[in-house]
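One structure is given here, and the rest of the page talks about it.
Reminder, nothing fancy here: chain letters follow the sequence lines and each chain counts from 1. Remember, it's a predicted structure, so these values are computed and weren't measured experimentally.
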Amino acid sequence: MVSTEAATAVMKRPYEVEDGLVRLRAGRCPACNAVYCPARLVCDGCGHRGLEEILLAPRGKIYTFTTVHQSTPEFQTPYHLCYVDFDEQVRVMLPAAGEERPRIGEDVEIVLGTGPRLVGTEPEEGPHALMVAGSATGRGEEDV
Amino acid sequence: MVSTEAATAVMKRPYEVEDGLVRLRAGRCPACNAVYCPARLVCDGCGHRGLEEILLAPRGKIYTFTTVHQSTPEFQTPYHLCYVDFDEQVRVMLPAAGEERPRIGEDVEIVLGTGPRLVGTEPEEGPHALMVAGSATGRGEEDV
Amino acid sequence: MSDVYVVGAGMTPFGKHPDKTAAELGAAAVLEALDDAGVSLGDIEAAWVGSVFQGMAMGQRALGEGGISGIPITNVENACSSGSTAIWGAAMSIKAGAYDVVLALGVEHLTGAFRGAFTPDESDVEAQRGLTMPAVYAMRAQRHFAQYGTTSEQLAAISAKNKRNAVANPLAQFKKPVSVDEVLASRMIADPLHLQECAPVSDGAAAVVLASRRKRAALGGSRAVRLAASALKSGRAEVGLKDMTVEDLTWRAAEEAYERSGIGPSDIRFAEVHDCFSIAEALRVEGLGLFPHGEYPARVVKGEADLDGRLPVNGSGGLLGKGHPLGATGVAQVVEVVRQLRGEAGPRQIPGARVGLAHCRGGKAQGVEGTACTVNILTV
Amino acid sequence: MSDVYVVGAGMTPFGKHPDKTAAELGAAAVLEALDDAGVSLGDIEAAWVGSVFQGMAMGQRALGEGGISGIPITNVENACSSGSTAIWGAAMSIKAGAYDVVLALGVEHLTGAFRGAFTPDESDVEAQRGLTMPAVYAMRAQRHFAQYGTTSEQLAAISAKNKRNAVANPLAQFKKPVSVDEVLASRMIADPLHLQECAPVSDGAAAVVLASRRKRAALGGSRAVRLAASALKSGRAEVGLKDMTVEDLTWRAAEEAYERSGIGPSDIRFAEVHDCFSIAEALRVEGLGLFPHGEYPARVVKGEADLDGRLPVNGSGGLLGKGHPLGATGVAQVVEVVRQLRGEAGPRQIPGARVGLAHCRGGKAQGVEGTACTVNILTV
Ligand SMILES: [Zn+2]
Ligand SMILES: [Zn+2]
């Protein structure tokens with residue numbers, strides 16, 4: 001069997017908080033620098049086995065977004081979702097905090113919030129929901 | 001599309017009660033006389049489409065049996081199951097009423113009982129569970 | 001590898017069938033396909049059966065209901081491409097010379113089995129964070145808007161076209177036309193996609209009988225359609241920051257089908273594509289190389305994809321108009337192409353339809369662009 | 001049709017893996033099989049992936065984790081024969097000349113996903129009336145008792161043999177021997193089958209790399225094993241009053257494999273068979289024609305199926321000793337046969353093992369004898 005490091009990483013909390021900034025845990029290929037979030041066992045690009053764990057920047061840019069009005073029974077609608085691009089050249093889907101509609105190109109930071117999930121329907125990743133908030137638009141810690 | 005008669009038959013109660021006797025609904029192939037319980041759209045043996053509905057004899061003979069001590073959460077264990085052979089040359093799986101262990105070769109009649117299902121976990125076939133009871137062994141209406 | 005022919009096709013009406021089981025729907029489609037092919041139950045040597053949410057042994061249950069048992073049966077799942085993956089597998093067995101007559105069935109009974117929006121598998125981190133399939137396509141639509149100036153009215157025109165086509169299809173779930181205004185007035189599901197831009201919850205089944213050249217000849221085969229190519233691909237890993245309006249997965253499946261068949265995009269006379277959402281149809285036909293990238297929604301408004309347009313798309317009504325019983329969809333697309341190629345499509349017949357393409361793309365799996373995509377090219 | 005070779009094999013330990021996902025287990029098995037074959041990720045042209053309760057897109061998730069994406073992936077389900085159906089499909093593609101190197105993976109993560117006994121699909125009338133899989137085999141055991149004088153002690157000896165073999169298999173779930181008395185002292189699950197006569201709930205994955213003759217030659221191939229035949233059948237409809245101790249389904253799959261390979265029952269040196277229950281092993285080997293009908297349990301007591309017996313059965317520990325992660329089981333059986341044929345089975349090596357058989361039979365579908373059965377015959 002291959003190393004279980006990446007496997008263990010998946011079970012860990014998917015982020016770290018440093019100096020009040022929330023940073024996503026990801027995996028970088030030491031051979032070709034491809035970044036995966038979440039990490040995986042093997043690099044798809046070059047086949048290297050075993051990625052090194054990195055933390056993404058605490059801020060990214062909204063690539064695209066939507067407002068979800070119909071979802072599964074676990075979620076309280078409406079809620080915003082975004083794909084966020086990070087400087088590490090990786091894209092991550094995250095809910096957006098606050099009521100204001102996200103904008104393509106908007107700079108956002110990662111925050112911990114309640115997320116759109118209803119109480120009692122927590123996913124494996126833990127009690128805090130990762131979200132993004134754009135301070136320029138009024139979305140921020142106070143909204144989550 | 002083929003006739004929906006057989007389809008409708010599946011949704012109906014899977015038995016009839018005549019003169020206090022419980023008779024299973026089945027399908028017989030008008031071309032080759034093969035009997036299926038429950039019925040199906042097409043005869044497997046000869047390919048004839050559309051079986052005629054028949055009612056099986058109210059009594060059969062136990063081909064084999066077991067006592068189930070572990071089941072899914074919907075069922076109260078232990079309970080007895082049997083494969084019962086009918087004169088119409090068809091074998092049907094049914095629970096056995098009463099506490100006594102069934103016997104291979106035993107003559108049994110079909111009765112309506114509570115079945116091994118827990119309250120609130122009824123299958124599509126309705127509120128009455130089909131079971132078999134062997135009057136010779138003390139299993140009978142009074143036990144179900 | 002020997003040629004593969006579609007010698008029989010059948011499908012149930014798509015829609016709500018609360019009084020029927022999945023097995024009964026599957027059996028009905030199979031029997032119609034067998035009759036259409038002029039083969040009997042005993043001629044079927046093996047079967048591939050696609051479904052998504054039907055539990056274990058769907059194929060054995062459906063074929064058993066229909067009087068077929070004992071043969072090799074493979075149940076396949078590739079999200080919404082399950083049925084077309086069944087066709088791909090069935091065709092492979094004929095190319096292998098293993099069988100002369102095989103069956104591909106797609107079946108799904110979703111009525112009562114489904115709550116809320118369709119999502120990626122629950123093991124998926126994105127699904128756990130709230131991602132739904134409408135949301136995936138809504139976010140891709142927002143990019144199409146931003147990059148190409150596409151508008152909600154243009155996307156609504158795609159839905160209106162397909163629902164209009166469905167009216168001419170007696171097997172379709174939707175029976176009446178819906179205007180662009182009505183599409184835009186329906187409730188929002190995931191911004192900018194309205195209810196009438198999302199494929200409905202449906203029950204149904206579709207089946208095709210495939211045969212080798214030898215068996216096709218024995219059958220007479222004047223109505224047989226040639227499966228010129230069947231290609232299956234899965235999504236590539238999402239590495240880096242890609243343009244989400246580009247369908248790499250669709251293009252790679254199409255590329256293989258074009259190469260193997262010697263038939264290019266400009267040869268395609270009509271297409272059935274996987275329009276699970278209005279925007280999806282645009283992404284598909286642009287990914288297939290049938291329309292210039294970024295231009296499809298505007299061209300739909302001009303009528304280019306209408307039944308009498310330059311390249312009719314989803315003349316059957318598509319998923320938006322005909323319905324979308326997941327596992328059945330990919331087979332139903334091929335059934336439609338076959339009927340068009342035979343000239344049996346009635347009021348929705350496309351004149352001179354001699355080369356058709358069926359595209360089916362399903363799902364989203366963690367970290368890859370999509371679960372699977374098939375492209376089948378058929379000719380007479 | 002061209003020859004098919006197994007050029008690489010890998011599997012995870014079977015057992016409880018609460019800290020791993022199904023995708024991670026699948027990826028681990030795949031990587032080991034690739035290393036064993038000496039091929040790289042990019043050499044794999046297509047994959048077939050068997051699982052039962054793992055949701056959508058299991059193959060895409062497992063291969064994605066392992067660094068493989070974009071290729072054709074077919075997820076297959078045939079109850080407990082899902083993994084071996086994946087092998088059958090993968091082999092078919094090589095026979096078709098479509099690919100030279102393909103992958104078959106079986107994977108299942110049941111820990112925490114399972115409550116109580118395994119049953120037929122919930123749509124099944126028998127399941128709705130209380131039928132469980134242990135009950136099916138218990139009822140067949142009662143007939144074996146009645147017809148052939150088979151005893152509980154004899155069935156317990158089958159379990160004891162397999163759990164003893166498992167001790168010599170570092171990948172097996174059970175690590176210590178269990179005596180006949182201990183089997184009989186374990187709690188009753190379905191009369192006459194005790195807990196220690198039922199395969200456990202397991203997590204695990206197994207993978208094989210299959211190659212064409214051409215590719216096998218390019219790889220050197222001194223360790224390659226030939227897949228002399230791969231046969232798949234489904235159960236026949238239950239019509240009339242049949243002898244439930246007779247495995248018509250197993251025999252029909254075996255008959256095809258014997259015919260295609262030119263290898264008969266008397267040529268088989270050892271077998272891995274689907275011993276989901278103690279009685280099941282008897283029904284299988286009798287159905288395969290490897291032991292006279294009705295006599296197997298008594299012969300096990302005499303040691304004929306031991307590692308040093310006339311015809312070793314389940315030298316790996318079988319499902320009873322090695323574990324039974326449903327979708328992985330059929331592939332793991334072939335992995336074991338490959339390792340035996342290569343002489344790499346360590347303390348459980350069967351001397352002179354040059355022809356082995358793997359039998360995998362799964363499920364029960366409404367009105368048919370069983371969901372599916374595969375027989376693979378491998379030789380060096
Ligand atoms: Zn790399
Ligand atoms: Zn008949």
Side-chain angles (χ1 to χ4, degrees), chain A residues 10 14 29 32-40 42-46 60-96 101-105 115-117 121-125 129-131, chain C residues 114-147 150 152 186-195 197-198 200-201 234-245 277 279 364-369:
Chain A
V10 170
C29 175
C32 77
N33 284 318
V35 176
Y36 303 87
C37 182
R40 50 177 65 196
V42 178
C43 176
D44 189 274
C46 75
K61 195 181 284 287
I62 292 180
Y63 172 74
T64 188
F65 70 95
T66 188
T67 305
V68 177
H69 294 272
Q70 183 189 352
S71 186
T72 62
E74 289 81 16
F75 294 92
Q76 169 92 53
T77 55
Y79 56 88
H80 304 304
L81 295 178
C82 307
Y83 273 106
V84 179
D85 286 354
F86 290 86
D87 278 349
E88 291 82 0
Q89 298 296 296
V90 66
R91 183 174 291 155
V92 181
M93 203 236 43
L94 292 166
R101 194 169 186 248
R103 292 193 322 274
I104 287 176
R117 255 183 195 269
T121 66
E122 299 295 345
E124 282 181 20
E125 68 179 53
L130 289 161
M131 309 183 81
Chain C
F114 219 75
R115 291 182 67 196
F118 187 41
T119 70
D121 191 74
E122 61 182 8
S123 65
D124 190 298
V125 162
E126 294 184 333
Q128 292 172 12
R129 290 177 180 159
L131 190 70
T132 63
M133 292 309 292
V136 172
Y137 283 88
M139 287 193 275
R140 299 180 70 184
Q142 295 290 2
R143 288 301 308 189
H144 214 276
F145 285 18
Q147 292 176 219
T150 301
S152 282
S186 63
R187 72 184 163 86
M188 194 67 87
I189 298 296
D191 184 15
L193 301 177
H194 303 79
L195 178 65
E197 296 177 84
C198 304
V201 172
S234 59
R236 276 198 181 137
E238 287 172 329
V239 184
L241 307 176
K242 290 182 179 157
D243 182 345
M244 287 178 71
T245 68
F277 304 96
I279 181 68
K364 185 166 188 334
Q366 183 65 49
V368 297
E369 187 202 336

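- With hydrogens and angles disregarded, no donor-acceptor distance shorter than 3.5 Å links the side chain of A:Tyr83 to the backbone of C:Met139.
- Using a 4.5 Å cut-off between heavy atoms, C:Ala135 contacts chain A through both its backbone and its side chain.
- Taking chain A as the reference chain and counting heavy-atom pairs below 4.5 Å, the highest number among C:Met244, C:Glu238, C:Arg140 is found for C:Met244.
- If you tally non-hydrogen atom pairs under 4.5 Å between each of C:Ala190, C:Gly130, C:Pro192, C:Cys198 and chain A, the highest count goes to C:Gly130.
- Residue contact with chain A, scored on non-hydrogen atoms closer than 4.5 Å, is absent for C:Ala141.
- Taking a cutoff of 4.0 Å between a charged side-chain nitrogen and a carboxylate oxygen, C:Lys364 and C:Glu126 qualify as a salt bridge.
- Counting heavy atoms from C-beta outward, A:Val35 and A:Gln89 have side chains that stay 4.5 Å or more apart.
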Give the intermediate values and the outcome of side-chain contact (heavy atoms from CB on, under 4.5 Å) for residues A:Met93 and C:Arg129.
-> CA-CA 8 Å; A:Met93 203 236 43; C:Arg129 290 177 180 159; 3.8 Å; yes

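- In this structure, the portions of A:Val68 lying under 4.5 Å from any heavy atom of chain C include both its backbone and its side chain.
- Side-chain atoms of C:Arg143 come within 3.5 Å of backbone atoms of A:Tyr63 as a donor-acceptor pair (strictly under, hydrogens ignored).
- Residue contact with chain A, scored on non-hydrogen atoms closer than 4.5 Å, is absent for C:Arg236.
- For the set A:Gly115, A:Pro78, A:Ser71, A:Gly105, the count of heavy-atom pairs under 4.5 angstrom toward chain C peaks at A:Ser71.
- Using a 4.0 Å cut-off between charged side-chain N and carboxylate O, A:Arg101 and C:Asp191 make a salt bridge.
- Looking at A:Ile104, the atoms closer than 4.5 Å to chain C (heavy atoms on both sides) all sit in the side chain, from C-beta outward.
- Heavy-atom neighbours of A:Asp87 CG from other residues, nucleotides or ligands within 6.0 Å: at or below the threshold of 12.
- Across A:Thr66, A:Thr72, A:Val90, A:Leu94, the residue that shares the most heavy-atom pairs under 4.5 angstrom with chain C is A:Thr66.
- Heavy-atom distances place both the backbone and the side chain of A:Phe65 under 4.5 Å from chain C.
- Within the 4.5 angstrom heavy-atom criterion, only backbone atoms of A:Phe86 (N, CA, C, O) approach chain C.
- Residue contact with chain A, scored on non-hydrogen atoms closer than 4.5 Å, is absent for C:Met133.
- Within a 6.0 Å radius of CD in A:Gln76, other residues, nucleotides and ligands contribute 12 heavy atoms or fewer.
- In this structure, the portion of A:Phe75 lying under 4.5 Å from any heavy atom of chain C is its side chain and not its backbone.
- A:Tyr36 places no side-chain N or O within donor-acceptor distance of the main-chain N or O of C:Gly367, the cut-off being under 3.5 Å.
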